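Step one of this worksheet: look at the structure below.
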Amino acid sequence: MTATRDWAREWAEGDGQPLQLLGHDGRILRPEVARPPDDLVREGLRLMLLSRAIDERCTNLQRQGRLGLYAPVLGQEAAVVGSHLAIDPAVDWLVPASREQPAMLRHGWPLDRMLALMLGRFEAARIPDDVRMLPRQQSIGSQLPHAVGIAWSASIERRDDVTLAYCGDGATSEGDFHEACNLAGVMQVPLVLVVINNQYAISTPIAKQTRAARLADRARGYGFPGVAVDGNDLLAVHEVTSQAVERARSGQGPTMIEAVTYRLGFHNTSDNPSLYREPAEVARAEELDPVARVVAYAETQGLVDAAAVEAQVLEARAEVATALERALTYPTPGPDDVFRHVSAEEDQRASE
Ligand SMILES: Cc1ncc(C[n+]2csc(CCOP(=O)(O)OP(=O)(O)O)c2C)c(N)n1
């Protein structure tokens, strides 16, 4: 978008606060920065509302005993959607962590297939072969060396694709994170790494994860730029990621983006966050709700009104309900299915 701007440098020379383009009330703070097209904002809001509808439905299903476990995106929607809107799913690779549902959908994993995974219907959950994404990763940080591998292969083969990878603040304490970042820097691969700092790794707060002032500071040690952005600001996340994607695509190497946000809900449906965080802290974070902020912005720009947002919420719920009906028609796996797809040729011992 703004090819001339160097957000990492601007952030490094600033006061250390994450970059912001929208105030908490949706006001434009930096009129000199070009705004994204209206359609992109509309699509961003649609995906964020869809993400909320998925969170709502899957949490209810888990409470009804019909779904095993669910990890919501709640509170992190702008960080996930704003960054993913900066890449082209037809060209670029997505390497998710585990709670980037709207990014995985926009990349081309159909919603009914995603719900099939949550329902344990693994065969149906398969990512279509032409969708350039790795599966969601349960093992913290282990997707990152793969992300660097994909990006490195793009350099070697002189392809145009950029790899967009995600991880959480907790993942930055893993060896895989270090190894991946180091190699990405050495080989200058076309990688954009979005670290979603939602302040917690289950019950471990960020203060116990690192002594670094900001996770984005770590990038410098690997020899590439890092930038911290307000992860609840759809426009700022999109802007900073767009510039990082442009850098990567033009052969200038990786960028680390720390999207500073807050996990408003539980870690997953087996967690009870009231055991380790104060209600006042959560209430403060709720005031910074990323969906409310983009709605306020879109309203002041005349892109939506309250009735249109309400209609979109209902549409999102209906979309989830239809996809769920479909997902429930897919077969549930039997014990032998565990062995399928482990090897290129089916293991005969599976059926013995
Ligand atoms: C290698 C590994 N260690 C531990 C776990 C258990 N575990 C599951 S989620 C999680 C916290 C992850 O925190 P973070 O990376 O900040 O991502 P978030 O879940 O907050 O999105 C941990 C420790 C795991 N899944 N994998």
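Because the structure is predicted, anything quoted here is derived from the model rather than measured. Both counts, for ligands and for their atoms, begin at 1 and track the order of listing.
Scanning all protein heavy atoms for the shortest distance to atom 16 (O) of ligand 1 gives Gly170 N, 2.7 Å. The protein heavy-atom contact nearest to atom 25 (N) of ligand 1 is Gln138 O, 2.9 Å. With hydrogens left out, the protein atom closest to atom 12 (C) of ligand 1 is Ile140 CD1, 3.6 Å, a heavy atom. Closest to atom 3 (N) of ligand 1 among all protein heavy atoms lies Glu174 OE2, 4.0 Å.
Atoms of ligand 1 found under 4.0 Å from any heavy atom of Ala201 (numbered from 1 in listed order, with element): 11 (C), 13 (O), 16 (O). Under a 4.0 Å criterion applied to the non-hydrogen atoms of Gly168, ligand 1 contributes the atoms 14 (P), 15 (O), 16 (O), 17 (O). Numbered from 1 in the order shown, with element, the atoms of ligand 1 that lie under 4.0 Å from a heavy atom of Asp169 read 16 (O). The contact set between ligand 1 and Ser139, taken as ligand atoms under 4.0 Å from a residue heavy atom, comprises 1 (C), 26 (N). Residue-ligand proximity, Ile202 to ligand 1, at heavy-atom distances under 4.0 Å covers atoms 7 (N), 10 (C), 11 (C), 22 (C). Less than 4.0 angstrom separates some heavy atom of Tyr200 from each of these atoms of ligand 1: 16 (O), 20 (O). Interface atoms of ligand 1 facing Ala171, defined by a heavy-atom separation under 4.0 Å, are 15 (O). Taking every non-hydrogen atom of Asn198 and a distance limit under 4.0 Å, the qualifying atoms of ligand 1 come out as 18 (P), 20 (O), 21 (O).
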What do the steps show when you test Glu100 against Arg136 for salt bridge (charged side-chain N to carboxylate O under 4.0 Å, His left out), and what is the final call? CA-CA 8 Å; Glu100 287 83 32; Arg136 69 184 285 283; over 6 Å; no

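Side-chain atoms of Ser250 and Gln252 form a donor-acceptor pair, as typed in the model, at a separation below 3.5 Å. Between the side chains of Thr255 and Arg247, a donor-acceptor pair is found at a separation under 3.5 Å. Between the side chains of Glu258 and Asn197, at least one donor N or O lies within less than 3.5 Å of an accepting N or O. Tyr166 and Gln137 share no donor-acceptor pair across their side chains, judged by distance under 3.5 Å alone. Inspection of the Thr300 and Arg27 side chains reveals no N or O donor paired with an N or O acceptor under 3.5 Å.
Considering backbone and side-chain N/O of Gln76, none are found under 3.5 Å from N/O of ligand 1.
In His267, the part holding a heavy atom less than 4.0 Å from any atom of ligand 1 is the side chain.
At least one heavy atom of Arg99 sits less than 4.0 Å from an atom of ligand 1.
Each of Trp152 and Ile150 belongs to its own hydrophobic cluster when Ile, Leu, Val, Met, Phe, Trp and Tyr are linked at side-chain heavy-atom distances under 4.5 angstrom.
Note that atom 6 (C) of ligand 1 has no protein non-hydrogen atoms nearby, at separations under 4.0 angstrom.
Note: Tyr222 and Phe177 have perpendicular aromatic rings, judged against thresholds of 30 and 60 degrees for the angle between ring planes.
Within the 4.5 Å cutoff, no side-chain heavy atoms of Leu164 are placed close to those of Val95.
In this structure, Leu193 and Cys181 approach most closely via the heavy-atom pair CD2-SG, 3.9 Å.
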